[in-house]
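Single-structure report; data block below.
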Protein chains: 2
Amino acid sequence: MKLSANEEYGLRCLVRLGYAGEGGNLTIPEISQAEGVSPAYAAKILRVLRKGGFVKAARGKEGGYTLARPAESIVIGEVIDVLGGRLFESKFCDSHAGQVAICTRSVDCSVRSLWRAVQVAVDHVLSKATLRDLLQNEEEMNSWVRAIPGPNGLRLLQ
Amino acid sequence: MKLSANEEYGLRCLVRLGYAGEGGNLTIPEISQAEGVSPAYAAKILRVLRKGGFVKAARGKEGGYTLARPAESIVIGEVIDVLGGRLFESKFCDSHAGQVAICTRSVDCSVRSLWRAVQVAVDHVLSKATLRDLLQNEEEMNSWVRAIPGPNGLRLLQ
DNA sequence: GCCAATCTATACTTATTAGTCAAGATTACT
DNA sequence: AGTAATCTTGACTAATAAGTATAGATTGGC
């Protein structure tokens, strides 16, 4: 039960684009440098985000990426789904072949209902959060960090 | 954000052992057949569970696996941690190198705090549930399924 | 002591995910 | 039209997870 690299970096790239504001344009080199991933990898991730309808791309000179929709309409849960799939996709139950002819788990079981409970808990967080929330949160934290005195503004927080 | 095979089958094997009751003994062939995985794979998973202190093994004839502790003292969250690690292990932030010299994300960021919120939500479910809960739930569901009329007791539920 | 049933350990193969590379297509500007 | 900056695509390699195989060690019963 781990976050995939796609989910982590994909969301970061989206937040970065959100930073650029509505209509703000960023190129792959810009995004990749800002997020510390290779341009090729950023391109691969951005393609997923584009196909998911979260960003749009413009080719050619002056091209780049932009949010496809206002930040408040981008639900993080949907982004994560596109980047990394659902927690529980029932691939296990499908292939599970228990000892008894009628597997008591083929319809439902405690393990399965536990996963469902976990999925509900996760969705509860991710279906509420929008990109706008993340951006606001980020700005709050940045101003807060910048307000801390010290060599680089961070020392005292570690 | 997917369940790993280890988590899925590991938990299933543990539930299967719980079924066998306190002191109940099951061999690898028994468990593997009941759970529909190969004996070799079951062995691999059971070793993880053993090292995690959830089950104990006896070698030789009459050997097999048993719960190492009472079912109500086995917290599912701990089992999942051992089988699959934590959702967010901060491997990303560690290697992340943003554009600015002082990465505003090196201490905290909205993405990171989002993952923390998700982790809290997951823990909220998994740190409460014990193996005993799963076993009781299973028995309830089994009796319920068996009570449904039909060719194999399952038809009407699909 | 011997044998069969059992777990143990390590190495191996396969599948999936992560990440890179190179050639092609599009666009703005001159 | 030409050129440079940009995204697009698909194939490639590397790393990790999933799953298998094989030889070894332990135990109980005869």
Side-chain angles (χ1 to χ4, degrees), chain A residues 1-13 17 20 24-33 35-52 54-68 80 82-85 89 91-92 94-97, chain B residues 1-13 17 20 24-33 35-52 54-68 80 82-86 89 91-92 95-97:
Chain A
M1 208 162 144
K2 297 241 181 71
L3 282 170
S4 70
N6 259 16
E7 287 165 322
E8 175 70 30
Y9 292 122
L11 188 52
R12 281 178 184 275
C13 289
L17 270 172
N25 200 71
L26 291 178
T27 66
I28 286 177
E30 285 168 341
I31 295 171
S32 75
Q33 195 190 0
E35 291 305 328
V37 299
S38 74
Y41 189 40
K44 192 175 192 176
I45 292 173
L46 284 163
R47 176 160 47 152
V48 177
L49 289 174
R50 176 172 58 79
K51 290 191 173 169
F54 304 113
V55 305
K56 56 188 175 189
R59 297 217 262 195
K61 218 173 177 194
E62 310 284 288
Y65 283 92
T66 312
L67 289 187
I80 297 302
V82 165
L83 289 168
E89 297 187 317
K91 63 176 171 175
F92 297 111
D94 291 349
S95 65
H96 177 264
Chain B
M1 209 158 144
K2 297 239 183 73
L3 281 170
S4 71
N6 260 15
E7 288 165 321
E8 175 71 29
Y9 292 122
L11 188 52
R12 281 179 184 274
C13 288
L17 270 172
N25 199 74
L26 290 178
T27 66
I28 285 178
E30 285 168 340
I31 296 171
S32 75
Q33 194 191 0
E35 291 305 326
V37 299
S38 74
Y41 189 41
K44 192 177 190 176
I45 291 173
L46 284 162
R47 177 160 49 148
V48 177
L49 289 174
R50 176 174 56 82
K51 290 192 174 170
F54 304 112
V55 305
K56 56 189 175 189
R59 297 218 262 195
K61 222 174 175 193
E62 310 283 290
Y65 284 91
T66 313
L67 289 187
I80 296 301
V82 166
L83 289 168
R86 305 288 287 176
E89 296 187 319
K91 65 176 168 173
F92 297 111
S95 64
H96 176 266

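So you know, we letter chains A, B, ... as the sequences are listed, proteins then strands, and number each from 1. Side chains included, hydrogens not; waters and symmetry mates left out as well; all remaining heavy atoms used. Everything numeric in this text was worked out from a predicted model, so none of it was measured.
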Applying salt bridge (charged side-chain N to carboxylate O under 4.0 Å, His left out), name anything that partners B:Arg86, two or more places apart in sequence or on another chain.
B:Asp81, B:Asp123
Quick check: do B:Leu83 and B:Val48 have side-chain heavy atoms less than 4.5 Å from each other?
yes
Does the pair B:Ile80 and B:Leu11 meet the rule for a side chain to side chain contact (heavy atoms under 4.5 Å, CB included), with working shown?
CA-CA 8 Å; B:Ile80 296 301; B:Leu11 188 52; 4.3 Å; yes
Determine the contact category for B:Arg47: base if any of its heavy atoms lies under 4.0 Å from a base atom, sugar-phosphate if only primed atoms, P, OP1 or OP2 are that close, otherwise nothing.
base
Measure from the side chain of B:Ser4, starting at C-beta and using heavy atoms only, and say which of D:dA18, D:dT6, D:dG24 lies closest.
D:dA18
Compute the angle between the rotation axes at the two ends of the helix from C:dG1-D:dC30 to C:dT30-D:dA1, each taken over five pairs, rounded to 10 degrees.
0°
Of D:dT6, D:dG19, C:dG19, the nucleotide closest to the side chain of A:Tyr9 is C:dG19
Contacting residues from residues 38-46 of chain A, given that a heavy atom lies under 4.0 angstrom of DNA chain D
none
Under the side-chain contact (heavy atoms from CB on, under 4.5 Å) test, which residues partner A:Ala20, sequence neighbours left out?
A:Leu26
Can you list the residues that meet the side-chain contact (heavy atoms from CB on, under 4.5 Å) rule with B:Arg59, with sequence neighbours excluded?
none
Hey, does B:Leu17 have a side-chain heavy atom less than 4.5 Å from the side chain of B:Leu46?
yes
Gap between atoms NZ and P, on B:Lys51 and C:dC7 respectively (whole Å):
16 Å
Rounded interatomic separation in angstrom, taking CD1 from A:Ile31 and P from D:dT6
12 Å
Please report, rounded to the nearest Å, how far the P atom of D:dA18 is from the NZ atom of B:Lys2.
11 Å
B:Lys56 NZ to C:dT8 C1', straight-line distance once rounded to whole Å:
19 Å
Among C:dA18, C:dC7, D:dT8, the one nearest any side-chain atom of A:Ala5 is C:dA18
Smallest separation among heavy atoms of A:Ala42 and A:Val37, with atom names:
CB-CG2, 3.9 Å
Residues in contact with DNA chain C, drawn from residues 60-67 of chain A - heavy-atom cutoff 4.0 Å:
A:Gly60, A:Lys61, A:Glu62
Starting at atom CG of B:Leu26, determine the distance to atom C1' of C:dT6, rounded to an integer number of angstrom.
14 Å
When the distance from CG of A:Leu83 to P of C:dT17 is rounded to whole Å, what number comes out?
14 Å
Measure from CZ on B:Arg50 to C1' on D:dT26 and round the result to the nearest Å.
13 Å
Contacts of type side-chain contact (heavy atoms from CB on, under 4.5 Å), residue A:Pro39, not counting sequence neighbours
A:Ile28, A:Ser32
